[in-house]
Structure formats: structure tokens, C-alpha cells
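Heads up: the structure comes next, in C-alpha cells.
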Amino acid sequence: MDVVVRLATAADAQHIADMSGRLIEYGLPRSWLAPRIVRHVHRRDDLVIKAVSANTIIGFAIMSFADEAAHLNLLAVEPRWRRRAVGRRLLTWLEETAACAGTFFVSLEVRAENHGARRFYRALGYDETELITGYYNGVEDAIVFARDLSVCHTR
Ligand SMILES: CC(C)(COP(=O)(O)OP(=O)(O)OC[C@H]1O[C@@H](n2cnc3c(N)ncnc32)[C@H](O)[C@@H]1OP(=O)(O)O)[C@@H](O)C(=O)NCCC(=O)NCCS
């Protein structure tokens, strides 16, 4: 089945918020509700993208850009689509956009217990740089990942 990556629109916000609650924020108070997603869709310094198959959103990612660095806020792929390079395509799309804009440093936080995601980011050239205790509402620690896009990784 073909998968395409596109910019998300405000009409996708509720679907993306539902995916975030189900796939990322499970067990935590919800902080990524539809109005917040809409704000990111409209902000000039943010990108909200979606992976679509057969007119259905199967993955999404949200990145915020600053002059020197970009921050990946959220990334998720529907469970039945995992390990088919959808996450890699979404992240690579954002990294290429960041590099085109002259932004070479990308960072993100992951729930410490999310070992699958931690392996994903390591596989894509990210290094674990920090542990932030209780980052997620005191419920769970965060691992900070970072990648310098100007450095070529071979993993
Ligand atoms: C993390 C996530 C986005 C990865 O998406 P994906 O589409 O399955 O990832 P890909 O297929 O592009 O994986 C690329 C590589 O990462 C590594 N990888 C990905 N998921 C992995 C896992 N669960 N365990 C071990 N390695 C993994 C592999 O090396 C993989 O390559 P391979 O399949 O050829 O071995 C997905 O598991 C997900 O949505 N998880 C829930 C939400 C989440 O944790 N988001 C991240 C924090 S915001």
C-alpha cells in the first residue's frame, strides 16, 4: 500500500490529537489536544506532517524550528504500520527540511520506559544526552535525544 507524507491541516488536528493520546500520552494527563495541534499547524516556525495511506492518517510528527535548533515535539505511527519505515520517513522529511533551512541541531524527549522509541532514535543517529527525572508530570523520567545533522552517522 502506498504511503505519502504531506503537511497536515487544521482538519487533521482531532485525529492527530486522538493518536497522540492513545500512542504517546497514555497514562499521563493529555497535553496535546486538538486546539494546540491547530496552533502548531498555523505557526510559521512549526511543521505538522502526516503519513497517509488510503486516505487514512497512519502516522504524524510535529517539529518546532528555532534559529539554531529544531525540537521534535511528537512522532507516532499506528501499531499495525510499525517497522515499515513510516517513522523513518516522517523524521527524515523533517530533518531534510531543517537542514535546508540551515538548522542542524535536532532534539527531543522520550519517555524513559519507551524502549522501542529509544531504539528507533538510536537507529536514526540520535544520541541520548540527558535524563530528566520526573519530566512527565512526576510520573516518568525523560531521556533527551539529540542529533547534529551536520555530522554523518553510519549506524
Ligand atoms: C517510535 C515509532 C515512531 C517508530 O516508528 P516505525 O514506523 O515503527 O519505525 P521504522 O519502521 O521507521 O523504524 C526504523 C528503525 O528504527 C528501529 N526501530 C523502530 N522501532 C523499533 C522497536 N520497537 N524496537 C527496536 N528497534 C526499532 C529499527 O532499527 C528500524 O529499522 P528496521 O525495522 O529496518 O529494523 C513507533 O514505534 C511509534 O509510533 N511508537 C509509539 C509512539 C512513540 O513512542 N513516539 C516517539 C516518542 S514521541
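In this chain, numbering begins with 1 at the start of the sequence shown. Remember, it's 1-based here, ligands and their atoms both numbered in the order they're listed. FYI, side chains are in, hydrogens and waters are out, and symmetry mates aren't considered; it's all heavy atoms of this structure.
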Trace of the side-chain hydrogen bond (donor to acceptor under 3.5 Å, both in side chains) decision for Asp127 with Thr129 = CA-CA 6 Å; Asp127 294 317; Thr129 59; over 6 Å; no
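- The nearest heavy-atom contact from the protein to atom 45 (N) of ligand 1 is Leu75 O, 2.6 Å.
- For ligand 1, the atoms closer than 4.0 angstrom to any heavy atom of Arg119 are 24 (N), 25 (C), 26 (N).
- Nearest to atom 29 (O) of ligand 1 among the protein's heavy atoms is Ala123 CB, 3.5 Å.
- Contacts with ligand 1 closer than 4.0 Å are made by backbone heavy atoms (N, CA, C, O) of Arg84 only, the side chain lying farther away.
- Note that atom 34 (O) of ligand 1 has no protein non-hydrogen atoms nearby, at separations under 4.0 angstrom.
- You'll find the side chain of Phe145 reaches within 4.5 Å of the side chain of Arg122, heavy atoms only.
- Looking only at protein heavy atoms, the nearest one to atom 37 (O) of ligand 1 is Arg82 CD, 3.3 Å.
- The shortest contact between atom 21 (C) of ligand 1 and any protein heavy atom is with Arg83 NH1, 3.4 Å.
- A 4.5 Å side-chain heavy-atom check between Leu91 and Phe120 finds at least one atom pair inside the cut-off.
- Nearest non-hydrogen protein atom to atom 23 (N) of ligand 1 is Gly116 CA, 3.5 Å.
- A donor-acceptor pair under 3.5 Å is formed between the side chain of Glu25 and the backbone N or O of Ser31.
- Here the heavy atom of the protein found nearest to atom 7 (O) of ligand 1 is Gly87 N, 2.8 Å.
- At a heavy-atom distance under 4.0 Å, no atom of Val110 approaches ligand 1.
- Ranking protein heavy atoms by distance to atom 11 (O) of ligand 1, first place goes to Ala85 N, 2.9 Å.
- Geometrically, ligand 1 and Ala117 share no nitrogen or oxygen pair separated by less than 3.5 Å.
- With distances taken over non-hydrogen atoms, the option nearest atom 16 (O) of ligand 1 out of Phe60, Phe120, Phe145 is Phe120.
- Residue-ligand proximity: Leu23 is placed with a non-hydrogen atom under 4.0 Å from ligand 1.
- Take Asp45 and apply the salt bridge (charged side-chain N to carboxylate O under 4.0 Å, His left out) test, not counting sequence neighbours, and it matches no residue.
- Annotation: the span from His40 atom NE2 to Met63 atom CE amounts to 13.0 Å, rounded to 0.5 Å.
- How far CG of Leu7 is from CH2 of Trp93: 4.5 Å, rounded to the nearest 0.5 Å.
- At the shortest separation from atom 44 (O) of ligand 1 among protein heavy atoms lies Asn114 ND2, 2.5 Å.
- Of the polar atoms of Leu74, none of the N or O atoms is found under 3.5 Å from an N or O of ligand 1, judged by distance alone.
- If you take CD on Glu109 and CD on Glu130, they are separated by 9.0 Å, rounding to the nearest 0.5 Å.
- For Tyr121, no nitrogen or oxygen atom sits less than 3.5 Å from a nitrogen or oxygen atom of ligand 1, counting backbone and side chain alike.
- Within a 4.0 Å radius of atom 41 (C) of ligand 1, the protein contributes one or more non-hydrogen atoms.
- Polar contact with ligand 1: present for Arg88 (N/O pair, distance under 3.5 Å).
- Note that CZ of Arg89 and CZ of Arg84 are 12.0 Å apart. Values are rounded to the nearest 0.5 Å.
- The shortest N or O to N or O distance between Trp81 and ligand 1 is not below 3.5 Å.
- If you take CG on Leu149 and CZ on Phe105, they are separated by 9.5 Å, rounding to the nearest 0.5 Å.
- Going from atom OH of Tyr135 over to atom CD1 of Ile143 covers 12.5 Å, rounded to the nearest 0.5 Å.
- The salt bridge (charged side-chain N to carboxylate O under 4.0 Å, His left out) test applied to Glu140 returns Arg111, not counting sequence neighbours.
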